[in-house]
Structures are given as structure tokens and as C-alpha cells.
Amino acid sequence: MIADFQLLRPSWVEGRPTLRQITDDVSRPLTARPTLGWWACFAAASLALAWGAASATYEVATGIGTWGLNKTVGWAFDITNFVFWIGIGHAGTLISAILLLFRQKWRTSISRSAEAMTIFAVMCAGLFPLLHMGRPWFGFWIFPYPNTRGPLWVNFRSPLVWDVVAISTYFTISLVFWYVGMIPDFATLRDRAAGRGDRWRRKAFGMLSLGWDGSSRTWSRYETLSLVLAGLATPLVLSVHSIVSMDFATGLVPGWHTTLFPPYFVAGAIYSGFGMVLTLLILTRKVMGLERYITLRHLEAMAKITLLTGSMVGFSYLTELFLAWFGGNPYERAAFWNRATGPFAWAYWTMMLCNAVLPQLLWSKRVRTSVPILFVLSLLVNVGMWFERFVIIVTSLHHDFLPSSWWFYKPTIIEVGILVGSFGLFFTNFLLFIRALPMVAMWEVKGVAAAAAHAEEAHA
Amino acid sequence: MSQLVAVFHDESRLLAAVRGAREQRVPILDVYTPYAIHGLDEALGLRGTRLPWVTLAGGFCGMAGAIALQVWCAVVDWPLDVGGKPAQSALAFLPITFEATILLGGLATAAAFFWRSALSPLAEPRPVAAGVTDDAMALVLKLDGTGPDERAALHELLRAAGAGEVREEDR
């Protein structure tokens, strides 16, 4: 019965490669010379990173006055970028943990790179609160530790402290999950590196693989560990963006003070994350020649999740608007009227177009299976989600309760530089990752490919 | 200790050999595979792992530790009046308690896994056969105390199951 059921679906790996072919296909890019395309991307990413590093250095050396913040808009670009990057990370955990619990086989070829994306995105996100501190070397003050100031403890009732704990936990668990998932592949690479010139590669992968030998007892425990980590990461990822949303929702500022925020932020996070996974994988499957493993069906499945979460985001926008009108709170109503018609209306309508309208194109199978259209849409998803955070933060702050303090916000070149730099950091890391580590989980793909082959044999 | 190593390149043949060996009551030392084979645990009759208990214990420590830390800091050591809220605002302590539960549960399980499976950066891998991390699967049987006839029968059994290579070795 199971075999028949599986046969109804086409395989998630094209062309039925043998186990050795899978090893070869995934390991080849790690030893081959980088292509010209890779060097071009790497040069652009490092340049962006250098610009960001210069901007951040100038900001830390001079002070937060180099940013466009003022007494009314005290949070703007930095928190926008922070929430944006944290959101990007969520798709990685969804693919690696939630789809594992739901036993979705298609996650196997994309989970590794999506998890890497999570880790790099959280690293980028962490930069912004640190830089906003002005004196980042005192960053450790946000943790509760015995100190000579009393000891004066952090305020455990503040969502900002919850955020610190949530994001450090998220980063740690994601890193452990990512590393544990790579151990069997490290062993594969260790055993492949048998040539004379491979001594260092063999040593490095030997250390990283922790002496893995493929014993069935270890595999049995390993699968339990994966399930446990997935089971823990699933509520964790939902909690992280819920807590991020509480940074806003527990404030009284019109446009922020709403119970809709946690689910709305989580849906938006997954939506933006899938946009980024699509952007990255459409490029890398081409550049690294992995079209056989990251197939059009994978892209289509991701497009479907983008459609689902995009619709949830669009529905949340409409709910917000309806409640602003129906709730009868004049401040709330004014805040939303200001968003749609005020000085930042262009940002609001960009957000509406990219997040509520454009994903609806994905109902069409023609759109979902066209790589160029998907690529453009995935870029627009990220533009839209960046503007969503900008709209929520800046439009609510610049028109607060007191008209005399209304002010405008304009980012400086330093803030733009740090944003560009965070993209530089993200892409530099990702490009190094696809050169240095196996970007497809070989052992997981082998399991899926073998199961598909046996299903066919049993049927024949 | 002498052992018999049979190398396979197909999971269904390996599973058949494992079942055959178990039927003949030959002790199986271990099976080495490049990926987790569905149904191998049952075929080998492996006991379920107790790792989830470690998760429970670690998670409980995280939870208790987070509650203790927050209550001690915010209520006992230095009750700080923030917006007139009560010092013991238990609901506001929930998010950090939740995160600490997850963090310690996850880290404890991973640590227990490394410890129980003897995985460490200094561990020297001793592959029983070439390619067990690539495309080969090795079944290792215990030979001590078997006579020559029994050994021949075992070779026969493994060949019949589809082993590509069968060899005896002393460790």
C-alpha cells in the first residue's frame, strides 16, 4: 500500500542517481575551482560588507548622532533591519524542523542551505541592537549577571529582555541543529579526502565528523535527537517572532498596541523567509549545478507556502484596517489614515502591493513553475516585507499623540551603509558556506532516493 | 575477537541478510550504513533510546532555573518598581522560562547524544569497510565460537542475500 501511494508521486530527485552519484554531485563543488560567477558574487558581497564595516566603525567611533533618529522617531532603520533579518531566518527553521515533524520529504534537499540562511540571518539581525547601543562593548549588560552596580538586575518584565533570551536561544539551538545535521556528511567528506594533497581537508573534516562511523546504534539515537531538536525548535521559532512583535505590541503607540501582532509577525516572518530561500536557491542551484536535487517541484512547493503565508499577511493587513475603523479609537484611526495617505504613503502602498496583492499571482501554476517569474516575485516579497517593518515602526512613531512633537524621519548614508553591509555579511557568509560545506544533506537525500527506488521495485 | 564483515550496496538486501542472521541466532555486532535505513532498528531488535528522558530532565532544569533566577533577582534581591507593577509578576516571567526550558532541553539532549555515542573531535574513526559513509552498507557478525561448517553456512547465507563482499577478520 505504501509503495503504491509513493508511486503516485514523482520523485523529489530527478534522474534516479545512485548513492555514489549523490555523494559526487554534492561534494564536487567543494573541491572544484570556484566559477567566475561565484567570484563575481563574492566580490560584490565583500564590497558591500566592507562598506557596512566602514559605516559601522564610523558610527561607533562618532555616536548614534550619525543616524537620522530624532526625539520623536527614536527607532527606525536599525529595528526595521533587525526585525527583517530575524524574519528571514524563520523559513530555515520551518523547513528543517516543522516540515520534518510533518514528514515532508521535499525538505531534504533544501533544509541544509535554509538552516545556514537562518544562522547567517540571525547574525545580521543581532548586529543592529548591538550597534544601536552606541557603546557595543557594553552589550553584555543585557544579560543578568552578578555585577558591581548593586547588583542591579535586568528588568525581566521587559519584552526587550525576553527578546535577548529568545534570540540567543534561537541562535544556539539553530546552530546545534545545523551542526548535528552535518555530522554524517562530514564523515562522508572525511572518507573521500583520501588523496595526498587532502591532508588538511581530511584532518578538518575528521575533527568535525567526531569520529562518525555510521553505526546503526548511533543512527537510531541520531534520528531521535533530530526529532527532539525539531520538536523543540518548532515552538521556539513561533515564540521568537511572537516576542519580537511584543516589543511593539506591549507599547501604547497607535498602530502597535494590538493583540493581532504575534500571529501576524510569525506569518510575515515565514513569508519573507521563503522569499529569501527562493532567491538564494534559484541562484545557487544554477551556479552549483544542483538542479537535479533542487527541482522545479521544490520551487513550486515553496511558492505554495509563500502563497499561504502571504495570504495570511494580506488578511492581517485588512484586519488591522478594519479594526482601526471599527474599534472607534481615534488615535488608532488617525495612525492608519496617516499610513495610507501621509508622507510615508508610498512605503505603505509598496508594502500592500508586494505582500498582499502580488503573492496572489501564485495561485496560477504557470507562475509557480516559471523560474524567472518566481525569482522576481521572491525579490519583491523581500522588498515588501522590509517596507512592512519600516511602515509599522516609522509611521507609528513620527505621528504620536502630541502634534507638537510630530517629526519626519530620513535615514542617513551611514544607516543605509550599515543595511547594505548586513546584506554583504549575509551573502559573504552564504557564498563561503556553499564552497566549504555540503549544501545539500547527502545522507537525507540518499534516504529519500533509496526509498523511491524501492517503492518502484516493489511495484514492478 | 574474530568477526565476519559482509558488504552490501542495497538496503533491501542488507535487511534480508539481517533478518536471516537473526533467524539463525548469529549475534550481530553492528551494521554500518551511509544513511538511516527505515526498518533497520526493528530488524535488529534495537531497544528504543532513552534520549527523550534527558530532554525532559534538561528542560525541567531550564524551567526551574529560569523561574528561580527571575524570582530571586526581581523579588528577593532587588525588587525594582517599574511602572508600579508588582515585583512578583509571574506571567511576565513566562517567556524567559519557556526559552530556558527549550535551550537546556536541547543542549542536554545533544550532549547526551555525543556522550552516549562516544562522538568527540578526537575520536579516531575505524571504518569496517570502505564506503560505509558513501554507498556501502556493512553487516558485522560475531564469529567467536562458531565451527567451520557454521561459518561456511553463514557465508552461503550472506552471499544468497546479495552481499557483494564477505570476509572474516580479527580485531
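Quick note on labels: first sequence line is chain A, next is B, and so on, each numbered from 1.
Contacts between B/Asp41 and chain A at a heavy-atom distance below 4.5 Å involve the side chain alone, from C-beta outward. Residue A/Asp213 touches chain B through both its backbone and its side chain, counting heavy-atom pairs closer than 4.5 Å. Of the atoms belonging to B/Leu29, it is backbone heavy atoms, and not side-chain ones, that fall under 4.5 Å from chain A. Contacts of B/Ile102 with chain A are made by both backbone and side-chain atoms, with heavy-atom separations under 4.5 Å. Heavy atoms of A/Trp219 lying under 4.5 Å from chain B belong exclusively to its side chain. With a threshold of 4.5 angstrom between heavy atoms, B/Arg116 approaches chain A through its backbone and through its side chain. Contacts of A/Ser215 with chain B are made by both backbone and side-chain atoms, with heavy-atom separations under 4.5 Å. Proximity to chain A is limited to the side chain of B/Thr55, based on heavy atoms less than 4.5 angstrom apart. For chain B, the nearby parts of A/Pro235 are the backbone and the side chain; heavy atoms of each come within less than 4.5 Å. Neither the backbone nor the side chain of B/Pro79 comes within contact range of chain A; no heavy atoms are under 4.5 Å apart. In this structure, the portions of A/Leu232 lying under 4.5 Å from any heavy atom of chain B include both its backbone and its side chain. Contacts between A/Arg190 and chain B at a heavy-atom distance below 4.5 Å involve the side chain alone, from C-beta outward. With a 4.5 Å cut-off on non-hydrogen atoms, A/Tyr222 touches chain B through its backbone and its side chain both.
In this structure, B/Trp78 contributes its side chain and A/Gly150 its backbone to no donor-acceptor pair below 3.5 Å. A donor-acceptor contact shorter than 3.5 Å is absent between the side chain of A/Arg157 and the backbone of B/Leu91. Although no hydrogens or angles enter the test, the distance criterion places a donor-acceptor pair under 3.5 Å between the side chain of A/Trp162 and the main chain of B/Ala92.
Within a 6.0 Å sphere centred on CZ of B/Arg50, heavy atoms belonging to other residues, nucleotides or ligands number 12 at most. Annotation for A/Phe102: atom CZ does not count as buried by contact number, only 12 or fewer foreign heavy atoms lying within 6.0 Å. Residue B/Arg47 qualifies as open at atom CZ: its count of foreign heavy atoms under 6.0 Å is 12 or below.
For the residue pair A/Thr188 and B/Asp134, no side-chain donor N or O sits within less than 3.5 Å of a side-chain acceptor on the partner.
Taking 4.5 Å as the limit, some side-chain heavy atom of A/Ile183 sits within range of a side-chain heavy atom of B/Phe114. A/Asn155 is not listed as a side-chain neighbour of B/Leu80, based on a closest heavy-atom distance of 4.5 Å or more. Here the side chains of B/Phe113 and A/Thr224 are not in contact, with every heavy-atom distance at 4.5 Å or above.
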| request: Kindly indicate, with the supporting measurements, whether the criterion side-chain contact (heavy atoms from CB on, under 4.5 Å) is fulfilled by B/Leu51 and A/Val228. | output: CA-CA 9 Å; B/Leu51 276 182; A/Val228 165; 5.7 Å; no

| Can you list the steps and then say if A/Val161 with B/Ile96 is a side-chain contact (heavy atoms from CB on, under 4.5 Å)? | CA-CA 8 Å; A/Val161 175; B/Ile96 291 180; 3.9 Å; yes

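Most heavy-atom pairs under 4.5 Å with chain B, from the set A/Val180, A/Leu152, A/Thr172: that is A/Leu152. Between chain A and the residues B/Ser89, B/Gly83, B/Ala74, the largest count of heavy-atom pairs under 4.5 Å involves B/Ser89. Per-residue heavy-atom pair counts under 4.5 Å with chain A were compared for B/Thr101, B/Val54, B/Asp77, and the maximum is reached by B/Asp77. When B/Ser117, B/Ala123, B/Gly105, B/Ala118 are compared by the number of non-hydrogen pairs under 4.5 Å with chain A, B/Ser117 comes out ahead. Chain B forms the most heavy-atom pairs under 4.5 Å with one residue out of A/Glu444, A/Arg221, A/Met246, and that residue is A/Arg221. Chain A forms more heavy-atom pairs under 4.5 Å with one residue of B/Thr49, B/Leu103, B/Val132 than with any other, namely B/Leu103. Contact count versus chain A (heavy atoms, under 4.5 Å) is highest, among B/Cys73, B/Pro95, B/Gly106, B/Gly59, for B/Cys73. Between chain A and the residues B/Ser120, B/Gly131, B/Pro52, B/Ala130, the most heavy-atom pairs under 4.5 angstrom are made by B/Ser120. Among A/Thr218, A/Leu208, A/Ile243, the residue with the largest count of heavy-atom pairs under 4.5 Å with chain B is A/Thr218.
Here the closest non-hydrogen pair linking A/Val176 and B/Ala110 is CG1-CB, 3.9 Å. Across every non-hydrogen atom of B/Pro121 and A/Leu210, the tightest pair is N-CD2, 3.4 Å.
Contact residues of residues 17-28 of chain A toward chain B are A/Leu19, A/Arg20, A/Thr23 (heavy-atom distance under 4.5 Å).
For the atom pair OG1 (B/Thr133) and CZ (A/Phe186), the distance works out to 13.5 Å, reported to the nearest 0.5 Å. Note that the CZ atom of A/Arg217 and the CG atom of B/Leu40 stand 10.5 Å from one another [nearest 0.5 Å]. Atom CG of B/Leu44 sits about 5.0 Å away from atom OG of A/Ser216, to the nearest 0.5 Å.
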